[in-house]
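In what follows, a single structure is set out as C-alpha coordinates and then discussed.
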Amino acid sequence: DVFRDCVVSTEIKLNEGLKEIDGGAFKNCSVKEVTIPKSVDTMYSFVFDDCNAKVKVYKDSYAEQYMIENNYEYKVID
(Lines give C-alpha, C1' and ligand atoms only; values in the text may rest on other atoms or scores of the structure.)
Protein backbone atom coordinates (compact mmCIF):
# COMPACT_ATOMS: atom_id res chain seq x y z
CA ASP A 1 0.00 0.00 0.00
CA VAL A 2 2.94 2.32 -0.65
CA PHE A 3 0.95 5.01 -2.48
CA ARG A 4 -2.52 4.08 -1.18
CA ASP A 5 -4.75 7.13 -0.60
CA CYS A 6 -1.87 9.33 -1.75
CA VAL A 7 -2.59 12.78 -3.19
CA VAL A 8 0.07 13.52 -5.79
CA SER A 9 -0.60 15.95 -8.63
CA THR A 10 2.35 14.95 -10.77
CA GLU A 11 3.86 11.78 -12.21
CA ILE A 12 5.49 8.78 -10.55
CA LYS A 13 8.18 6.96 -12.53
CA LEU A 14 9.17 3.76 -10.82
CA ASN A 15 12.87 2.95 -11.11
CA GLU A 16 14.23 0.38 -13.54
CA GLY A 17 15.39 -2.60 -11.52
CA LEU A 18 12.17 -2.76 -9.50
CA LYS A 19 10.98 -6.38 -9.63
CA GLU A 20 7.54 -6.38 -8.00
CA ILE A 21 4.61 -4.18 -7.03
CA ASP A 22 2.56 -5.24 -4.02
CA GLY A 23 -1.22 -5.45 -4.02
CA GLY A 24 -3.07 -2.21 -3.44
CA ALA A 25 0.08 -0.16 -4.05
CA PHE A 26 -1.83 2.63 -5.83
CA LYS A 27 -5.32 1.97 -4.44
CA ASN A 28 -7.38 5.16 -4.23
CA CYS A 29 -4.36 7.23 -5.26
CA SER A 30 -4.85 10.50 -7.13
CA VAL A 31 -1.49 10.53 -8.94
CA LYS A 32 -1.65 11.88 -12.50
CA GLU A 33 0.61 9.30 -14.22
CA VAL A 34 2.49 6.15 -13.25
CA THR A 35 5.25 4.63 -15.40
CA ILE A 36 6.07 0.99 -14.73
CA PRO A 37 9.59 -0.12 -15.74
CA LYS A 38 10.35 -3.12 -17.93
CA SER A 39 12.06 -4.85 -15.01
CA VAL A 40 8.80 -5.48 -13.11
CA ASP A 41 7.94 -9.18 -13.31
CA THR A 42 5.42 -9.52 -10.49
CA MET A 43 2.33 -7.47 -9.67
CA TYR A 44 -0.14 -8.56 -7.01
CA SER A 45 -3.91 -8.05 -6.80
CA PHE A 46 -5.68 -4.71 -6.86
CA VAL A 47 -2.61 -2.60 -7.66
CA PHE A 48 -4.63 0.18 -9.34
CA ASP A 49 -8.10 -0.20 -7.81
CA ASP A 50 -9.90 3.14 -7.49
CA CYS A 51 -6.92 4.90 -9.06
CA ASN A 52 -7.48 7.25 -12.02
CA ALA A 53 -3.83 7.57 -13.02
CA LYS A 54 -2.75 7.23 -16.61
CA VAL A 55 -0.61 4.10 -16.37
CA LYS A 56 2.26 3.76 -18.83
CA VAL A 57 3.74 0.34 -19.55
CA TYR A 58 6.28 -0.97 -22.04
CA LYS A 59 5.09 -2.99 -25.02
CA ASP A 60 5.14 -6.76 -24.46
CA SER A 61 6.12 -6.32 -20.80
CA TYR A 62 4.79 -8.21 -17.82
CA ALA A 63 3.05 -4.99 -16.74
CA GLU A 64 1.18 -4.77 -20.05
CA GLN A 65 -0.05 -8.35 -19.64
CA TYR A 66 -1.10 -7.59 -16.05
CA MET A 67 -3.08 -4.55 -17.17
CA ILE A 68 -4.88 -6.59 -19.84
CA GLU A 69 -5.68 -9.48 -17.49
CA ASN A 70 -7.00 -7.15 -14.78
CA ASN A 71 -8.94 -4.91 -17.14
CA TYR A 72 -7.10 -1.71 -16.22
CA GLU A 73 -6.67 1.11 -18.71
CA TYR A 74 -3.10 1.82 -19.78
CA LYS A 75 -0.91 3.38 -22.44
CA VAL A 76 1.92 1.54 -24.20
CA ILE A 77 5.30 3.28 -24.45
CA ASP A 78 8.46 2.22 -26.27
Side-chain angles (χ1 to χ4, degrees):
D1 297 343
V2 173
F3 295 101
R4 184 178 188 152
D5 299 322
C6 181
V7 178
V8 179
S9 61
T10 59
E11 175 181 5
I12 295 174
K13 286 186 177 183
L14 300 173
N15 290 333
E16 188 63 39
L18 180 70
K19 299 299 280 174
E20 64 183 54
I21 300 174
D22 286 337
F26 292 94
K27 186 177 176 97
N28 198 36
C29 180
S30 68
V31 65
K32 193 173 193 175
E33 291 182 1
V34 176
T35 302
I36 301 175
K38 293 178 190 177
S39 59
V40 169
D41 60 13
T42 305
M43 295 172 71
Y44 296 97
S45 300
F46 314 114
V47 171
F48 293 103
D49 278 14
D50 300 319
C51 179
N52 295 322
K54 180 188 296 182
V55 181
K56 297 178 180 180
V57 300
Y58 288 89
K59 184 168 178 57
D60 300 324
S61 66
Y62 173 86
E64 181 181 23
Q65 189 61 40
Y66 176 90
M67 299 301 279
I68 292 168
E69 290 174 1
N70 290 278
N71 202 32
Y72 290 128
E73 291 186 33
Y74 67 96
K75 180 180 179 185
V76 173
I77 54 178
D78 291 326

message: Are there over 12 heavy-atom neighbours, none belonging to Asn52, within less than 6.0 Å of that residue's CG?
response: no
query: Once you round to the nearest 0.5 Å, how far does CD1 of Ile12 lie from NZ of Lys56?
result: 12.5 Å
task: Any chance you could measure Thr42, atom OG1, to Lys19, atom NZ, to the nearest 0.5 Å?
output: 7.5 Å
message: I'd like to know if the side chain of Tyr66 and the backbone of Tyr44 have a donor-acceptor N/O pair within less than 3.5 Å.
response: yes
Check: Thr10 and Lys32 side chains under 4.5 Å, non-hydrogen atoms: no
message: Angle between ring planes, Phe48 versus Phe26, binned at 30° and 60°: parallel, tilted or perpendicular?
response: parallel
message: A side-chain contact here means heavy atoms from C-beta on lying under 4.5 Å apart; do Asn70 and Met43 qualify?
response: no
query: Taking atom CG of Asn15 and atom OG1 of Thr35, what is their separation to the nearest 0.5 Å?
result: 11.0 Å
message: So, taking the atom named CG in Asp49 and the one named CG in Asn28, what distance separates them when rounded to the nearest 0.5 Å?
response: 10.0 Å
message: If you count heavy atoms of other groups shown closer than 6.0 angstrom to CZ of Phe46, is the number above 12?
response: no
pair Ile77-Tyr58: side-chain heavy atoms closer than 4.5 Å: yes
- request: Would you confirm whether Ser39, through its side chain, and Gly17, through its main-chain N or O, come within 3.5 Å as a donor-acceptor pair?
  value: yes
query: Nearest heavy-atom pair of Pro37 and Leu18: which atoms, and what distance?
result: CG-CB, 4.3 Å
- request: Calculate, to the nearest 0.5 Å, the distance between atoms NZ and CD1 belonging to Lys38 and Ile36 respectively.
  value: 14.0 Å
query: With a cut-off of 6.0 Å (strictly less than), are more than 12 heavy atoms of other residues, nucleotides or ligands near CD of Glu73?
result: no
